Amino acid sequence: MLEALTIGRVGVDLYPEQSGVPLAGVRSFAKSLGGTATNVAVAAARLGRRTAVLTKVGPDGFGDYVRQALTGFGVSPEHVGTAADLQTPVVFCALDPPEDPPLLFYRSPIAPDLTLGEQDVPWDVVDEVPLLWVTGTGVCTEPARGTQRAILERRARRGHTVLDLDYRPMFWPDVATARAEIGWMLDHVTVAVGNRTEVEVAVGTDDPDEAARRLLDRGVRLAVIKKGADGVLVATPEGSWTVRPQRVEVVCGLGAGDGFGGALIHGLLSGWDPVRLATYANAAGALVASRLACADAMPTAAEIEEVL
């Protein structure tokens, strides 16, 4: 039985093997599995959870690579579909600066994962899986938007229903549209997680305490706001707490949030209290930031415990 199903973005990340130079100066790249929903499933699998990702790829070699990589990481590829006339997305990044690398997305005319339709959804899994993970990026356009709405309506806030705010401005026509669509999702989930920029888009403020209050007012039972060098705020209707940051030397900031997300899944399924959950997830994210690549950089439980 699956423990967690993530839904949304997948791609192939191409990381420069030279740091501190713009893309024009990069001589070689290393390939890695990528995409927020996909990386989160990998991160949770690294911690022993049975995960799958609902997404789509193109009928090309990169699509084959995605399925092979997922299998190698212990993530079920059963719900990875194929969009017949589209190509599997690739993403280039430049480690300049390493802590916040610029990204260049190749997802035109539309990414396969944004063509998810209701016919692609394993509805029995949506009904029964203990944890369902959706993303803000997943509702940036149709038909994926309507599909994720149908999924959340069917789910009806059962179990753990988590929204990764995952705001990427290049995927949206404007902030107002993103706020409206992501805001709709807030009324259908039990957990919301994002950074200051993402919560500002979702609820109109980047003040962590006020943003957490607004999230809880929407019916979210656990709000998780990543504050960077100021740590992580976790809030429930019973109270709020701030967990101090983990200090690391940043090699690549990409994927840190996904490592955080996989550890969040592990903590939620383990029934941990908010402070323990955030402390553990924060350590996982820090470990990923100290490494190159996303999926390949996800830590094991032993590595996280060593940091803690």
Side-chain angles (χ1 to χ4, degrees), residues 1-15 29-58 60-82 88-91 93 111-113 116 122 125 129-135 137-138 160 162 164 166 193 251-270 280-281 283-307:
M1 292 290 292
L2 283 178
E3 294 178 286
L5 176 70
T6 68
I7 304 172
R9 190 153 49 89
V10 70
V12 177
D13 290 346
L14 297 171
Y15 289 86
F29 294 86
K31 181 179 66 182
S32 180
L33 185 65
T36 295
T38 304
N39 286 336
V40 168
V42 169
R46 274 275 171 87
L47 298 174
R49 295 299 177 177
R50 298 183 299 278
T51 66
V53 58
L54 171 60
T55 191
K56 296 177 87 170
V57 296
D60 49 47
F62 281 140
D64 295 338
Y65 165 73
V66 165
R67 291 186 175 91
Q68 292 168 9
L70 286 172
T71 301
F73 286 125
V75 178
S76 170
E78 179 181 358
H79 305 301
V80 179
T82 302
T88 305
V90 295
V91 184
C93 81
D113 51 72
L116 280 171
V125 178
V129 72
L131 189 147
L132 182 77
W133 183 283
V134 294
T135 70
T137 297
H160 298 294
V162 185
D164 180 352
D166 186 34
V193 55
V251 173
C252 179
L254 294 178
D258 302 334
F260 186 104
L264 182 67
I265 287 176
H266 180 59
L268 287 169
L269 292 173
S270 299
Y280 192 89
L287 277 168
V288 177
S290 70
R291 302 168 174 176
L292 182 63
C294 286
D296 298 276
M298 297 304 165
T300 64
E303 290 171 328
I304 296 172
E305 292 294 344
E306 183 178 350
V307 168

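This one's a predicted model, so the numbers in the text were calculated from it and none came from an experiment.
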Of all the heavy-atom pairs spanning Y65 and L33, show the shortest one and how long it is. OH-N, 3.1 Å

Among T51, T55, V75, which residue meets the side-chain contact (heavy atoms from CB on, under 4.5 Å) test with L70? V75

Qualifying salt bridge (Lys or Arg N to Asp or Glu O under 4.0 Å) pairs, either residue in residues 71-81, two or more places apart: none

Report the residues that fulfil ring-ring contact (aromatic ring centres under 6.0 Å, His included) with F260, sequence neighbours left out, ordered by chain and then residue number. none

Applying side chain to side chain contact (heavy atoms under 4.5 Å, CB included), can you list everything that pairs with A286, at least two apart in sequence or on another chain? Q246, V248

Locate the shortest heavy-atom distance separating G259 from V288; write the atom from each residue and the value. CA-CG2, 4.1 Å

Looking at residues at least two apart in the chain, or sitting in another chain, which of them share a side chain to side chain donor-acceptor pair (under 3.5 Å) with R67? T82

Shortest non-hydrogen contact from R9 toward T38: O-OG1, 3.0 Å

Ignoring hydrogens, what is the shortest heavy-atom contact between V66 and G11? Give both atom names and the distance. CG2-O, 4.5 Å

Of all heavy-atom pairs linking G34 and N39, the shortest is CA-OD1, 3.6 Å

Rounded at 0.5 Å granularity, tell me how far CG in L116 sits from CG in L54. 5.0 Å

Which heavy atom of A263 sits nearest to which heavy atom of A284, and what is that distance? CB-CB, 3.7 Å

Give, for atom CG of D164 and atom OG1 of T6, the distance between the pair rounded to the nearest 0.5 Å. 10.0 Å

Is it the case that more than 12 heavy atoms not belonging to E303 sit under 6.0 Å from its CD atom? yes

Quick one: pull up OH in Y280 and CD in E305 and give me the separation to the nearest 0.5 Å. 5.5 Å

The side chain to side chain donor-acceptor pair (under 3.5 Å) partners of T137 (sequence neighbours excluded) come to D166

Sequence-distant partners of D60, side chain to side chain contact (heavy atoms under 4.5 Å, CB included), two or more places apart: F62, Q87, T88

Show every salt bridge (Lys or Arg N to Asp or Glu O under 4.0 Å) that has at least one partner inside residues 33-49, sequence neighbours left out. E3-R49

For V125, check side chain to side chain contact (heavy atoms under 4.5 Å, CB included) against everything at least two apart and list the hits. L2, L5, H79, P122, V129

What residues, two or more places apart in sequence or in another chain, satisfy ring-ring contact (aromatic ring centres under 6.0 Å, His included) together with F29? F92

Who passes side chain to side chain contact (heavy atoms under 4.5 Å, CB included) against A30, sequence neighbours left out? E17

Sorted by chain and number, sequence neighbours left out, salt bridge (Lys or Arg N to Asp or Glu O under 4.0 Å) with D113 holds for R107

Residues in salt bridge (Lys or Arg N to Asp or Glu O under 4.0 Å) contact with D13, at least two apart in sequence or another chain: none

